[in-house]
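Data first, discussion second: the structure below is written as structure tokens.
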Amino acid sequence: MRRWLKIIVAVLVAAALVWVAWWKAPSHEDVSLAKTNVDAADELLAAYADGRDTLLFHSQEIDEKQVYHLLQAQEPYLSTLSAAAYHNGNLQLTYTVPDRQEQQQGITAAQQAGAQAAAEEQTIEGKLKAIHDVLIRSCVYEETGEQRAQMAAGVSEDGSAVCAGYARAFSAMCDGAGLDVYYVEDDEMTHAWNAVRLYGETYFIDCTYDDPVPDQGQRVGDAFFMLTAEELRETHTWDEALYEDFLDDQYPADFAYIQRMQDLQLADSALRVADTDCAAEQDELDALNALLGTTLAASVSGTNEDGEEYTMTRGELYHLGYDALWDTVNGEHRIEQLIDRYIVPPIVARQMGF
């Protein structure tokens with residue numbers, strides 16, 4: 001009898017252990033196969049948008065600190081990332097946005113302010129500068145331990161923030177103006193600022209460093225506006241490789257041509273990074289052909305040399321359009337004719353090297 005009792009107890013314990021292991025194990029949809037920190041951050045954000053805040057990662061290459069920096073880069077929210085490491089090398093990450101509704105109100109206010117600040121500007125850099133100046137004039141740097149000072153709301157609603165609040169507000173304001181700008185932070189400096197890609201080159205903007213302390217009202221500095229990595233390196237430290245890889249992932253190569261054509265007023269100013277690989281519309285091609293006085297293509301879709309059907313992306317369309325500006329027509333570049341006819345702004349065209 002004792003023997004059977006021991007067997008029954010052993011079976012029950014084993015069943016309980018199996019049930020606990022099953023209960024604690026993440027479901028299939030909560031397991032990520034991401035192998036890079038960039039992919040891990042992207043998948044966490046996608047899961048969070050889908051109502052899940054936790055993912056289990058198998059790859060030994062995932063670093064929670066780098067993933068956290070990349071999460072911060074993409075979303076203008078003050079957030080947290082908690083990690084649980086297992087003996088088998090798996091890593092479970094949980095992404096949390098505290099006071100999300102409160103933060104969203106501040107972000108929405110920042111987006112509206114950014115749209116208004118950039119409304120009269122024609123070029124991307126002009127919009128960035130207008131937003132930079134409005135932010136600095138509307139906010140006072142104040143070292144404080146309050147959480148709101150680290151949020152976009154610190155700038156957009158309270159008018160008082162620390163560097164994290166400045167950088168998150170700037171990202172949100174740029175988003176409201178239709179610009180893709182990202183948040184950069186460094187643990188060693190305990191400081192945050194922003195990064196943007198313009199025409200394929202990375203530039204940095206530090207609104208905090210351009211805001212005089214003590215506050216001087218409407219006075220705005222510009223020593224830290226649109227700096228290259230080499231220039232910023234003189235005063236800042238950050239994980240350059242991490243952020244450059246991240247920006248490579250965010251900005252498709254052809255987006256640089258969309259930006260150039262936007263500044264020349266030959267592309268819709270509302271086009272964003274996410275539009276680059278979207279299919280071009282026939283009316284876009286027709287409008288661009290009419291503006292340039294050429295035929296870049298007869299149709300946005302067709303059949304290639306291998307007999308495969310294809311559809312031109314917006315990035316490809318405006319890449320073709322930009323290349324056509326350099327074509328020689330009646331002894332001069334096509335862009336010169338467009339400048340003479342005021343189809344493109346002359347000053348902008350000259351600044352771009354035409």
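Residue indices begin at 1 and follow the sequence shown.
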N/O donor-acceptor pairs under 3.5 Å from side chains in residues 110-123, not counting sequence neighbours:
residue, atom, partner, partner atom, Å
Gln111, NE2, Asp175, OD2, 2.8
Gln122, OE1, Gln265, NE2, 3.3
Thr123, OG1, Gly126, N, 3.0

Under 3.5 Å, which donor-acceptor pairs do the side chains of residues 69-78 form with other protein atoms, sequence neighbours left out?
residue, atom, partner, partner atom, Å
His69, ND1, Glu185, OE2, 2.6
His69, NE2, Asp187, OD2, 3.1
Gln72, OE1, Arg168, NH2, 2.3
Gln72, NE2, Ser79, OG, 2.5
Gln74, NE2, Asp42, OD1, 3.3
Gln74, NE2, Leu70, O, 3.3
Tyr77, OH, Arg100, NH2, 3.3
Tyr77, OH, Gln104, OE1, 2.2

Enumerate donor-acceptor pairs with a distance under 3.5 Å from any side-chain N or O in residues 197-205 to protein atoms, sequence neighbours excluded.
residue, atom, partner, partner atom, Å
Arg197, NE, Thr202, OG1, 2.7
Arg197, NH1, Asp248, OD1, 3.2
Arg197, NH2, Glu244, OE2, 2.9
Arg197, NH2, Asp248, OD1, 2.7
Tyr199, OH, Asp263, OD2, 2.3
Thr202, OG1, Glu244, OE1, 3.4
Thr202, OG1, Glu244, OE2, 3.1

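Looking at residues two or more places apart in sequence or on another chain, you find no salt bridge (Lys or Arg N to Asp or Glu O under 4.0 Å) involving Asp249. With sequence neighbours left out, Asp158 forms a salt bridge (Lys or Arg N to Asp or Glu O under 4.0 Å) with Arg148. Residues satisfying the side chain to side chain contact (heavy atoms under 4.5 Å, CB included) test with Asp306, not counting sequence neighbours, are Asn304, Glu308. By the side chain to side chain contact (heavy atoms under 4.5 Å, CB included) test, Thr80 pairs with Thr96, sequence neighbours left out. Residues satisfying the ring pair (Phe, Tyr, Trp, His ring centres under 6.0 Å) test with His191, not counting sequence neighbours, are Trp193, Tyr209, His236. For Asp180, the side chain to side chain contact (heavy atoms under 4.5 Å, CB included) criterion is met by Tyr182, Tyr251, Phe255, Arg272, Val273, not counting sequence neighbours. Take Phe354 and apply the ring pair (Phe, Tyr, Trp, His ring centres under 6.0 Å) test, not counting sequence neighbours, and it matches Tyr322, Trp326. Judged as a side chain to side chain contact (heavy atoms under 4.5 Å, CB included), and not counting sequence neighbours, the contacts of Asn90 are Leu56, His58, Tyr86, Asn88. Applying the side-chain hydrogen bond (donor to acceptor under 3.5 Å, both in side chains) rule to Thr228 yields the partners Glu231; only residues at least two apart in sequence or on another chain are considered.
Under 4.0 Å is where a charged nitrogen must lie from a carboxylate oxygen, and between Lys129 and Asp133 at least one such pair does. Using a 4.0 Å cut-off between a side-chain N of Lys or Arg and a carboxylate O of Asp or Glu, Arg52 and Asp50 qualify as a salt bridge.
By the 6.0 Å contact criterion, CG on Asn330 is open, its count of non-hydrogen atoms from other residues, nucleotides or ligands being 12 or less.
Of the inter-residue distances, the one linking Glu240 atom CD with Leu232 atom CG reads 8.0 Å to the nearest 0.5 angstrom.
Side-chain contact between Ile258 and Thr276 is present, with at least one heavy-atom pair separated by less than 4.5 Å. Side chains of Leu93 and Tyr68 form no contact here, defined as non-hydrogen atoms less than 4.5 Å apart.
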* To do: Take Asp211 and Tyr166, measure what side chain to side chain donor-acceptor pair (under 3.5 Å) needs, and give me the verdict at the end.
  => CA-CA 10 Å; Asp211 195 358; Tyr166 277 70; 2.5 Å; yes
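A chain of hydrophobic side-chain contacts below 4.5 Å, direct or via other Ile, Leu, Val, Met, Phe, Trp or Tyr residues, connects Val67 to Phe57.
Heavy-atom minimum distance, Pro252 versus Asp277: CG-OD2, 4.1 Å. The shortest non-hydrogen separation linking Leu33 to Glu43 is N-OE1, 4.3 Å. Between Cys207 and Leu135, the shortest heavy-atom distance links the atoms CB-CD2, 4.2 Å.
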